[in-house]
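The structure appears below as structure tokens.
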Amino acid sequence: MRGISKQFGRVQALDNVGLTVESGSIHGVVGENGAGKSTLMKVLYGAYQADSGEVRVNGKAVNIRSSKEAIALGIGMVSQHYGIVPELTLLDNLILGAEPSVVLDKGKIRERASKIAASIGLDYGPEIWDRDASAMSASEAQRLEILKLLWREAKIMILDEPTAMLSPKDGEALFGSLRALTKEGATVLLVTHRLPEIMEYCDRVTVLRGGKWIADVPVSEANPEMLSELIVGRTLTASERPKPIAPTPPVLEVKSLSVARDRGTDAVQKASFELSPGELVGIAGVDGSGQAELFRALLGVTPIREGEMLWHRKAISNEPTEKRIELGWRILPEDRLQEGIISDWSLIENSTLGLHRLPKFSDGGKVRVPERAAFAQKAAEKFGTKHGGLETSIGGLSGGNQQRFVAARMTESGPKLFLAFQPSRGLDIAATEDLYAAMQERCREGAAGLVVSFDLDELMAHCHRVLVMFSGKVVVPAADADRDTLGRLMVGGEA
Amino acid sequence: MKQVVLIVACVVAFIGMLVLGGISPVEAAQTLFTGSLGSPRAISGSLKETTPLLLAGLGVFFALRAGLFNIGIEGQFLLGGFASALVALAVPGPAGLLLAMVAGIAAGALWALPAGWIRAYRNGHEVITTIMLNSVAVALTDFLVAGPARAANQTGATTATIPTSGRLPALLNSPPWNVSSGLLLGLILCGVMAWWMKRRVAGYELQAVGANPSAAEFAGINVRKVRLNAMLISGAIGGLGGAIQTLAFEGRFYQGFSPGYGFDSLGVALLAGSNALLVVPMSLLFGVLSKGGTSLLILGVPKGLTNLVAGLVILISATIRYRRQAQDA
């Protein structure tokens, strides 16, 4: 890819960016949010058309206008959102849209499918292919996405943040598979925030910043400090891990709390833990271990099946969400678009979503318009949300900017208890540091915080202590548990 | 933008229908204009048609802001009109007038209650339930007005006529001008609703539920309660529309009381989009088309043409809405 430029409205997303990838290699692409990584990949994949520049595949200039044309050239993308139909079997999902013939010979298809799976080290027999896709875990879904590309004979594979939802162990397995593929001549383009992945698995790495090409270096000549400086454009001082704080009477007590699922086993099983004032506590675990259900139950959005919650020693399980918000509980929900914002509404209107009944923003049922506008201004400034005016709809902002705004709504509204789900989602390194600093600040003022993240390192770097959720159960390890212990607990091992 | 597209489509559709019917568009346009806006009498007539569309449109608009499509407005309008006629006949004078309005409001809300409750607490879709309730409302009022509520000296299915003292006074009555105070009530209600949506916490919550119910839940809003209330108030406004129709214009209730005002008002509310104040020009547009459409009868154009246009508006606006959803996904 040479001299690629792309403009969205007034924003120059890509400015004369070049990218050369050797076949048979794993090539990392790193940069902050808004650096242009995803846009560049989407140009390659045919989802966007570049304003200028050219793309060559195996030396031949090509013009990719759609993902269909990209796949015909052997270029495929595994997106962060899996395109899997839960009602169909794994095999049907595999071939969906790329069926070999009108009448399907399932035996033959299965044979080829298993051969492809074997090429990335998976032993998939008929019993696996005939399972419903709905029964798959996040990592299985991701592997199926890769298999789908292989089924379509992709030679160049783009992976955008593939390990965001995976446990460390599944992540390693994924890279093992990718390695096996490159040995057979496939090329992998890896977009990631995680420098250890670059250092460990990539051959070369390209750094983008603000839509511009910054550097292209062989990983053998790179180190994490140098890369993060290239990414951010300044030197970062790593924050020191906070020490566990001395136990004080808890402010929140959760006692054998269970949350039912629509069917099957409980999503949360007899969870018990406590939070002391001033404590920032992480919950580690792979996605789908019950973290989302726990948060929903804590906020009162989902009913609890058994157990109880105490706030300042008073039972709160039967109080509605509204009441909990009144007591100073705040949430940064899992699914920002579905649970955190109203896309069509302005930043001003979104700034008080959930806070709208607090006396600060409501004068006996009348909206306090000036206070609301002032708060929106403050929330936008806190983490540097880039926006085209507070009156414009929040849906027009990038995911990272929405996250900055919603995170500030939580930290800047006087929380007594905050529940942050994947707070760093969509944020770059600097913004993540700022957000954790703000949460720690609130804790120093006496609030208690609970943070869910799938990134164990992120939690260990910022939280006073880290709990682990695995398969609906909350494990409370020793306050000074090390990384290996927590990693084992995340996959159901023993401390 | 969306509104402009819809209005243009609406007018084009109307003219298209005429051309399809083999009528000269120029002649039709002239007749339409003269019949609806060409004289004080015509304008008064258009405003009379506008009034029920404005009120029913506000009812539909209100529910729509809560994410509910109250197709049942026709039934609520009928019940409101019927109940107010009964009360106005039973209690004479201004006190009766007031009671009749209250009765209309209550009847409309009551008729929306099952749909609201089923939507909020049993997750049954309001479109299905309100369509069913419309059918019941038509049959029920037809039966009552043909039987128990029929005026003693009448052969047709109608109530007795309410004496003038029990009717809503005219705002302006100097022939050929005649404008009812019902229109003023609708305009006031519209202004209040626009203010309420923008400035009241309850209006904020209602629209949050309409725009994103799960986010509303996370914001501590009682989504079920808001949905039930929205449906009740929507029905109440529809019922008020029926009451005004009885007390300001018809003076009685009879079989065929509404020529489909409820249905046309769906188009009015959809055209208004997210702005309550736009319900006024949109209902005026439909009122003019409806009044002008009557004049077109001379040219052999059937009266139901505005219904056709309303149907097209619903189709087009649904297309726009779902295209956006498809893009978001």
Side-chain angles (χ1 to χ4, degrees), chain A residues 81 83 292 295-296 298-303 319-327 329-346 348-369 372 393-395 406 409-410 413 419 421, chain B residues 1-3 61 64-67 120-121 123 191-230 233 270 272-276 278 317 320-329:
Chain A
H81 309 284
F295 267 29
R296 294 172 67 94
L298 284 175
L299 194 70
V301 176
T302 297
E319 301 288 356
T321 305
E322 184 196 336
K323 173 78 181 167
R324 299 180 206 200
I325 292 172
E326 202 185 303
L327 289 169
W329 294 26
R330 302 284 181 268
I331 193 167
L332 183 60
E334 177 196 17
D335 186 338
R336 185 177 53 236
L337 285 179
Q338 278 305 310
E339 301 163 348
I341 60 169
I342 293 177
S343 302
D344 290 343
W345 285 13
S346 69
I348 291 181
E349 287 165 320
N350 271 291
S351 71
T352 55
L353 188 63
L355 314 170
H356 58 276
R357 273 184 186 260
L358 301 177
K360 193 177 169 204
F361 299 115
S362 162
D363 174 10
K366 201 168 121 245
V367 177
R368 287 183 188 267
V369 176
R372 180 168 77 171
S393 74
I394 199 169
V406 179
R409 182 172 73 193
M410 175 184 78
S413 57
L419 311 168
F421 199 104
Chain B
M1 183 54 217
K2 184 176 146 188
Q3 269 78 17
F61 175 86
L64 218 46
R65 292 309 289 159
Y121 294 96
N123 212 20
V192 169
M193 196 186 285
W195 168 83
W196 186 85
M197 293 272 180
K198 267 207 150 21
R199 290 286 178 257
R200 298 296 298 181
V201 170
Y204 179 90
E205 292 198 337
L206 178 102
Q207 294 175 92
V209 169
N212 187 343
S214 58
E217 229 179 317
F218 273 80
I221 298 168
N222 188 335
V223 172
R224 293 177 160 184
K225 213 167 103 188
V226 168
R227 281 193 174 139
L228 178 60
N229 287 340
I233 292 170
L270 286 171
S274 59
N275 187 348
L278 283 183
S317 81
I320 293 175
R321 173 176 299 201
Y322 291 118
R323 192 194 61 182
R324 249 185 54 201
Q325 277 183 10
Q327 280 171 348
D328 288 350

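Sequence lines set the chain letters: A, B, ... in the order given, protein chains first and strands last, and positions in each chain run from 1.
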Please flag which part of [X] lies under 4.5 Å from any non-hydrogen atom of chain B: side chain, backbone, both or neither.
X: Ser343(A); answer: neither
X: Ile325(A); answer: side chain
X: Arg330(A); answer: neither
X: Val369(A); answer: side chain
X: Ile341(A); answer: backbone

Point to revise | Heavy-atom closest contact (Arg200(B) atom, Gly364(A) atom, distance) | key: NH2-O, 3.4 Å

Check your understanding: Counting heavy atoms not belonging to Lys198(B), are there more than 12 under 6.0 Å from its NZ?
Key -> no

Study note, to complete from the structure: Ranking Ala202(B), Ala208(B), Ala211(B) by heavy-atom pairs under 4.5 Å to chain A gives rank one to Ala208(B)

Point to revise | Short side-chain to backbone donor-acceptor contact, Asn212(B) and Leu337(A), under 3.5 Å | key: yes

**Study point:** Partners meeting side-chain hydrogen bond (donor to acceptor under 3.5 Å, both in side chains) with Ser346(A) (sequence neighbours left out)
**Key:** Glu349(A)

Pair up each side-chain donor or acceptor in residues 218-228 of chain B with any protein partner under 3.5 Å, not counting sequence neighbours, and list the distances.
{"unit_1": "Asn222(B)", "atom_1": "OD1", "unit_2": "Arg224(B)", "atom_2": "N", "d": "3.4"}
{"unit_1": "Asn222(B)", "atom_1": "OD1", "unit_2": "Lys225(B)", "atom_2": "N", "d": "3.2"}
{"unit_1": "Arg224(B)", "atom_1": "NE", "unit_2": "Ala120(B)", "atom_2": "O", "d": "3.4"}

Point to revise | Side chain proximity check, Val201(B) to Phe361(A), heavy atoms < 4.5 angstrom | key: no

Point to revise | Student check: side-chain heavy atoms of Thr352(A) and Tyr204(B) closer than 4.5 Å | key: yes

Point to revise | Which portion of Glu205(B) sits near chain A, non-hydrogen atoms under 4.5 angstrom | key: side chain

Point to revise | Interatomic spacing from CD in Glu217(B) to OG1 in Thr302(A) - rounded to 0.5 Å | key: 7.5 Å

Point to revise | From Asp335(A) atom CG to Ser214(B) atom OG, the distance as rounded to the nearest 0.5 Å | key: 7.0 Å

Exercise for review: Return the option, out of Arg368(A), Gln338(A), Arg296(A), Lys323(A), with the maximum number of heavy-atom pairs under 4.5 Å with chain B.
Suggested key: Gln338(A)

